[in-house]
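Below: the structure, in structure tokens.
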2 protein chains.
Amino acid sequence: MVASGVVVGETVGVAANSRVTIAAHALAWLELARRGGREVLTSEEVAASVNTNAVIIRRSLGDLQRAGLVTARRGNGAGFFLGRPATEITLLDVWLAVSPEPLLALHHSEPNLECPVGRGIRPVLTDLYDEATDTFRAALARWTVSDVLERILA
Amino acid sequence: MVASGVVVGETVGVAANSRVTIAAHALAWLELARRGGREVLTSEEVAASVNTNAVIIRRSLGDLQRAGLVTARRGNGAGFFLGRPATEITLLDVWLAVSPEPLLALHHSEPNLECPVGRGIRPVLTDLYDEATDTFRAALARWTVSDVLERILA
DNA sequence: GTCGAACGTAACAAAGATGGTTGCTTCTGG
DNA sequence: CCAGAAGCAACCATCTTTGTTACGTTCGAC
């Protein structure tokens with residue numbers, strides 16, 4: 001990371017998912033370039049804006065490609081471009097494409113089934129977590145990559 | 001690790017937060033014991049239901065204690081008991097007490113500020129993430145430890 | 001007062017996840 | 001054919017999380 005040394009880095013550390021951020025940034029940049037007449041960008045070019053390694057971008061855009069959000073062209077003059085209009089790509093699509101992990105997890109090891117709580121708590125929490133996660137998803141679904149770009153440029 | 005008993009591994013792995021689950025389980029168990037006439041439980045007793053180590057429970061309940069959700073008594077006959085009625089402890093309280101991490105993170109290292117997207121994306125994503133996180137919190141706030149226990153026993 | 005049960009914590013190990021990096025393979029338009 | 005770029009595997013370093021041991025601290029019971 002950052003070569004090491006003084007850790008100019010800034011936030012270092014961290015644990016939470018920054019994958020949605022990376023992917024959203026890449027998509028917004030692709031859309032801005034498209035509006036400027038450049039349909040296709042290489043992973044190097046995207047990496048320059050996100051300020052990370054091109055491989056990281058290829059990995060991220062690979063996830064998005066699997067979900068149909070971008071398309072990769074290979075061979076000479078290769079690169080990535082949006083798989084569908086930026087107005088039709090929501091942040092929920094992005095989240096689903098890159099972040100399969102649940103927001104909250106159950107116990108790592110099975111609780112004690114001889115205890116009433118241990119026996120019944122898992123389906124209950126699963127339900128509540130799903131409910132909360134659904135509202136989170138709904139909130140992400142309200143914003144498209146196009147919206148994000150508009151707000152950035154505003 | 002493992003060392004002790006069989007522990008039947010089970011799900012091992014995982015990365016997401018199971019701290020809310022551990023804490024909610026402990027609180028539900030404390031409330032059930034209280035209804036049965038046992039006001040105070042030791043970390044060993046709670047650990048037996050959650051099926052983990054007593055230190056893990058002490059750490060978790062330590063977080064809850066700092067938030068006022070439980071109280072610890074020391075000395076002889078020590079243990080933990082609810083800091084306020086189970087009907088007044090929501091899962092949001094629990095989440096705030098044990099899980100300070102944001103659900104989604106921004107870039108690890110500062111994006112390229114010479115790019116319009118790199119320059120403007122962070123406050124925009126911060127806003128959107130906050131909005132989505134607020135709906136998540138609101139969903140957690142709708143359930144109390146008492147509700148959870150009722151559903152477990154139902 | 002002493003005693004001991006249980007909390008509070010520090011220190012450490014094993015396991016995963018993540019980001020970063022290098023290097024090599026594969027594809028494909030010109 | 002060839003060069004440019006995606007795809008991908010293999011590593012490394014760092015961080016987080018759970019689990020475990022060990023030990024100091026507190027405080028009611030006696």
Side-chain angles (χ1 to χ4, degrees), chain A residues 1-5 7 9-23 26 40-47 50-66 70-81 98-102 104-109, chain B residues 1-5 7 9-23 26 40-48 50-66 70-81 98-101 104-109:
Chain A
M1 57 141 67
V2 168
S4 74
V7 176
E10 160 133 346
T11 14
V12 196
V14 191
N17 250 343
S18 70
R19 274 177 295 174
V20 173
T21 296
I22 304 296
V40 177
L41 293 184
T42 68
S43 57
E44 286 288 352
E45 291 170 315
V46 176
V50 178
N51 187 24
T52 184
N53 192 288
V55 176
I56 301 296
I57 296 300
R58 290 203 286 271
R59 288 209 276 244
S60 176
L61 293 182
D63 288 336
L64 299 181
Q65 185 179 206
R66 248 160 263 129
V70 303
T71 304
R73 177 186 299 159
R74 301 187 62 170
N76 203 339
F80 296 89
F81 54 97
V98 305
S99 190
E101 309 297 319
L104 295 177
L106 292 186
H107 310 66
H108 282 192
S109 46
Chain B
M1 65 142 65
V2 168
S4 62
V7 175
E10 175 120 340
T11 14
V12 196
V14 192
N17 248 344
S18 70
R19 272 178 295 175
V20 173
T21 296
I22 303 297
V40 178
L41 292 183
T42 68
S43 57
E44 285 287 352
E45 292 171 314
V46 176
V50 178
N51 188 24
T52 184
N53 192 288
V55 175
I56 301 295
I57 297 301
R58 289 203 288 272
R59 288 208 276 242
S60 176
L61 293 183
D63 288 335
L64 299 182
Q65 185 179 206
R66 247 160 264 129
V70 301
T71 304
R73 177 185 300 158
R74 302 188 65 170
N76 204 339
F80 296 89
F81 54 97
V98 304
S99 191
E101 309 297 318
L104 296 176
L106 293 186
H107 310 67
H108 282 193
S109 47

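The sequence lines fix the lettering, A, B, ..., with proteins before strands; numbering per chain opens at 1.
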> Do any of residues 55-66 of chain B sit with a heavy atom less than 4.0 Å from DNA chain C, and if so which?
Replying inline: B/V55, B/R58, B/R59, B/Q65

> Can you find a pair of side-chain heavy atoms, one from B/F81 and one from B/T71, that are under 4.5 Å apart?
Replying inline: yes

>> Using side-chain heavy atoms (C-beta onward) and a distance below 4.5 Å, is B/H107 in contact with A/N51?
In response: no

> Pairs counted as Watson-Crick or G-U wobble with both distances under 3.5 Å: what dot-bracket string results for DNA chain D, using | for bases tied to another strand?
Replying inline: ||||||||||||||||||||||||||||||

Closest approach of [X] to [Y] (non-hydrogen atoms, all atoms of both residues):
{"X": "B/V40", "Y": "B/R73", "value": "CG2-NH1, 3.7 Å"}
{"X": "B/T42", "Y": "B/A78", "value": "CG2-O, 3.8 Å"}
{"X": "A/V55", "Y": "A/N53", "value": "N-OD1, 2.8 Å"}

> If only atom types and distance count, is the side chain of B/S18 paired as donor or acceptor with the main-chain N or O of A/A105 below 3.5 Å?
Replying inline: no

Report the distance from atom [atom1] of [X] to atom [atom2] of [N], rounded to the nearest whole Å.
{"X": "B/R19", "N": "D/dT17", "atom1": "CZ", "atom2": "C1'", "result": "8 Å"}
{"X": "B/N53", "N": "D/dT20", "atom1": "CG", "atom2": "P", "result": "6 Å"}
{"X": "B/F80", "N": "C/dA5", "atom1": "CZ", "atom2": "P", "result": "17 Å"}
{"X": "A/E101", "N": "D/dT16", "atom1": "CD", "atom2": "P", "result": "17 Å"}
{"X": "A/N76", "N": "D/dC1", "atom1": "CG", "atom2": "P", "result": "16 Å"}
{"X": "A/H108", "N": "D/dT16", "atom1": "NE2", "atom2": "P", "result": "16 Å"}
{"X": "A/H107", "N": "D/dT18", "atom1": "NE2", "atom2": "P", "result": "12 Å"}
{"X": "B/N51", "N": "D/dG19", "atom1": "CG", "atom2": "C1'", "result": "12 Å"}

> Does the side-chain contact (heavy atoms from CB on, under 4.5 Å) test come out yes or no for B/V98 and B/L64, once each step is laid out?
Replying inline: CA-CA 7 Å; B/V98 304; B/L64 299 182; 3.7 Å; yes

Phosphate OP1/OP2 of [N] contacted by [X] side-chain N/O (<4.0 Å):
{"X": "B/T52", "N": "D/dT18", "value": "no"}
{"X": "B/S109", "N": "C/dG19", "value": "no"}
{"X": "B/T42", "N": "C/dA5", "value": "no"}

> Between NE2 of B/H108 and CD1 of A/I22, what distance do you get to the nearest 0.5 Å?
Replying inline: 7.5 Å

> Would you say the base of C/dC7 and the side-chain of B/R74 have a donor-acceptor pair closer than 3.5 Å?
Replying inline: yes

>> Does either side chain, that of A/R19 or that of A/S99, offer a donor lying less than 3.5 Å from an acceptor on the other one?
In response: no

> More 5' along DNA chain C: A/I22 or B/S43, using each one's nearest nucleotide?
Replying inline: B/S43

